[in-house]
Chemist: 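Take a look at the following structure, please.
Here the structure is a predicted model, which is why all the values come from computation and not from measurement. All chains are named by letter (A, B, ...) in the order of the sequence lines, taking the proteins before the strands, and each is independently numbered beginning at 1.
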Amino acid sequence: MEGIVAEIMAKYNYWIYVVLMMIGFYAMIGKRNLVKKLLGMNIFQTSIILFFVSTGAKKGGSIPILDKQAALQGAVDVNLVVNPLPHVLMLTAIVVGVSVTGVALAVMLRIYRKYGTLEEDEILHKIETE
Amino acid sequence: MIWQLDLFLLMLVVICALATITVKDLLSATIIFSAYSFLMCLLWAEMGAVDVAFTEATVGAGVSTIFFIAAIFRTTRRSKD
């Protein structure tokens, strides 16, 4: 029992990322309003980005900006800087996420013009009765 | 990386995420989501990912909030759940 609690406490941040991801997933599936679904998708995305960025973090690591002369003279001590590779990958993911949000909001505007509502059940009802 | 600050910010992030999907007014939900994005940006700056934090502060907390507010003003502000 002690071992399990220690194991959970050691990786507390991963558990909180999973909680955030499930909050977003619930909003995408359980909520009926389309804007709420989109907010849930954004929460889901940021939780995944947070997980990837946290894999590059180190205890006692500084930001990955080095002095040029010092870096040219000798090898860089990798224990003193965080890993910048996940940062670069996740930078792309943030930009893609915002463009997906923009396109989804444009589609929502079209849906509102046609059906006059953003609630999923009302839209489905109007499609069926047409 | 200071773990007390990390845990505090993570708690605030979870509270903001829960508030975003619970609030019935869509404009309030968007503003709370903007606060969520800013807390996320603080978390990344604290982890040493300054470039990601920079992008999130401009793009996540700035542009995407403006997109949401513009779309809500053109459609409806009320939500049933």
Chemist: Taking atom CD1 of Ile16(A) and atom CG of Leu7(B), what is their separation to the nearest 0.5 Å?
Modeler: 5.5 Å

Chemist: For the hydrophobic clusters of this structure (ILVMFWY residues joined by side-chain heavy atoms under 4.5 Å, transitively), does one cluster hold both Ile66(B) and Leu38(A)?
Modeler: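 They do not share one cluster, since no chain of ILVMFWY contacts under 4.5 Å joins Ile66(B) to Leu38(A).
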
Chemist: To the nearest 0.5 Å, what is the distance between CD on Glu119(A) and OG on Ser79(B)?
Modeler: 5.5 Å

Chemist: Which bit of Asn83(A) comes within less than 4.5 Å of chain B, counting heavy atoms only: side chain, backbone, both or neither?
Modeler: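 No part of it gets close to chain B.
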
Chemist: Taking every heavy-atom pair that is under 4.5 Å apart, which of Thr46(A), Val82(A), Leu109(A) has the most such pairs with chain B?
Modeler: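 Looking at each option in turn, the highest pair count goes to Thr46(A).
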
Chemist: Between Lys36(A) and Val23(B), is there a donor-acceptor pair closer than 3.5 Å when you use the side chain of the first and the backbone of the second?
Modeler: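 Flag set: sc Lys36(A) to bb Val23(B) pair under 3.5 Å.
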
Chemist: Between Lys31(A) (side chain only) and Ile21(B) (backbone N and O only), is there a donor and an acceptor less than 3.5 Å apart?
Modeler: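 Present.
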
Chemist: Hey, could you give me the OG1/CD1 distance between Thr22(B) and Ile23(A), rounded to the nearest 0.5 Å?
Modeler: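 It comes to 8.5 Å.
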
Chemist: Of the backbone (N, CA, C, O) and the side chain (C-beta and beyond), which part of Lys59(A) lies under 4.5 Å from a heavy atom of chain B, both, or neither?
Modeler: neither

Chemist: Taking Gly60(B), Gly48(B), Ala45(B), Ala29(B) one by one, which has the highest count of heavy-atom pairs under 4.5 Å against chain A?
Modeler: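 Ranked by heavy-atom pairs under 4.5 Å with chain A, first place is Gly48(B).
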
Chemist: Count I, L, V, M, F, W, Y as connected when their side-chain heavy atoms are under 4.5 Å apart, and connections chain through other members. Are Val88(A) and Val95(A) then in the same cluster?
Modeler: no

Chemist: Counting only heavy atoms closer than 4.5 Å, note whether Ser54(A) contacts chain B via side chain, backbone, both or neither.
Modeler: both

Chemist: With a 4.5 angstrom heavy-atom cut-off, could you sort out which part of Ile111(A) is near chain B: side chain, backbone, both or neither?
Modeler: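 No part of it gets close to chain B.
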
Chemist: Is there side-chain contact between Met40(B) and Leu20(A), with heavy atoms separated by less than 4.5 Å?
Modeler: yes

Chemist: Could you tell me whether the side chain of Asn13(A) reaches within less than 4.5 Å of the side chain of Trp3(B), counting heavy atoms only?
Modeler: no

Chemist: Kindly work out whether a path of hydrophobic side-chain contacts (I/L/V/M/F/W/Y, heavy atoms less than 4.5 Å apart) joins Leu66(A) to Leu72(A).
Modeler: no

Chemist: So what's closer than 4.5 Å to chain A heavy atoms on Val13(B): side chain, backbone, both or neither?
Modeler: both

Chemist: Check each atom of Met47(B) against the heavy atoms of chain A and say whether the ones under 4.5 Å are side chain, backbone, both or neither.
Modeler: both

Chemist: So what's closer than 4.5 Å to chain A heavy atoms on Phe67(B): side chain, backbone, both or neither?
Modeler: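 Its backbone and side chain both get close to chain A.
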
Chemist: Assess whether atom CZ of Phe52(A) is packed by more than 12 heavy atoms of other residues, nucleotides or ligands within 6.0 Å.
Modeler: no

Chemist: Rounded to the nearest 0.5 Å, what separates atom CD1 in Ile49(A) from atom OG1 in Thr55(B)?
Modeler: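 The OG1 atom of Thr55(B) is 10.0 Å from CD1 of Ile49(A), to the nearest 0.5 Å.
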
Chemist: Going by atom types only, do Asn42(A) and Tyr36(B) share a side-chain donor-acceptor pair under 3.5 Å?
Modeler: no

Chemist: Given a strict heavy-atom distance threshold of 4.5 Å, which part of Val52(B) is in contact with chain A: side chain, backbone, both, or neither?
Modeler: both

Chemist: Counting only non-hydrogen atoms closer than 4.5 Å, does Thr101(A) touch chain B with its backbone (N, CA, C, O), its side chain (CB onward), both, or neither?
Modeler: side chain

Chemist: Once rounded to the nearest 0.5 Å, what's the spacing between atom CG of Asp51(B) and atom CG of Leu91(A)?
Modeler: 5.5 Å

Chemist: If you measure from OG1 on Thr117(A) to NZ on Lys80(B), what distance do you get to the nearest 0.5 Å?
Modeler: 7.0 Å

Chemist: For Glu122(A), is it the side chain, the backbone, both or neither that has a heavy atom under 4.5 Å from a heavy atom of chain B?
Modeler: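 The side chain, not the backbone.
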
Chemist: Quick check for you: among Asp6(B), Leu26(B), Ile72(B), which has the greatest number of heavy-atom pairs under 4.5 Å with chain A?
Modeler: Leu26(B)

Chemist: Taking side chain as everything from C-beta outward and backbone as N, CA, C, O, which of these in Leu39(A) sits under 4.5 Å from a heavy atom of chain B? Side chain, backbone, both or neither.
Modeler: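 For Leu39(A), backbone and side chain are both near chain B.
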
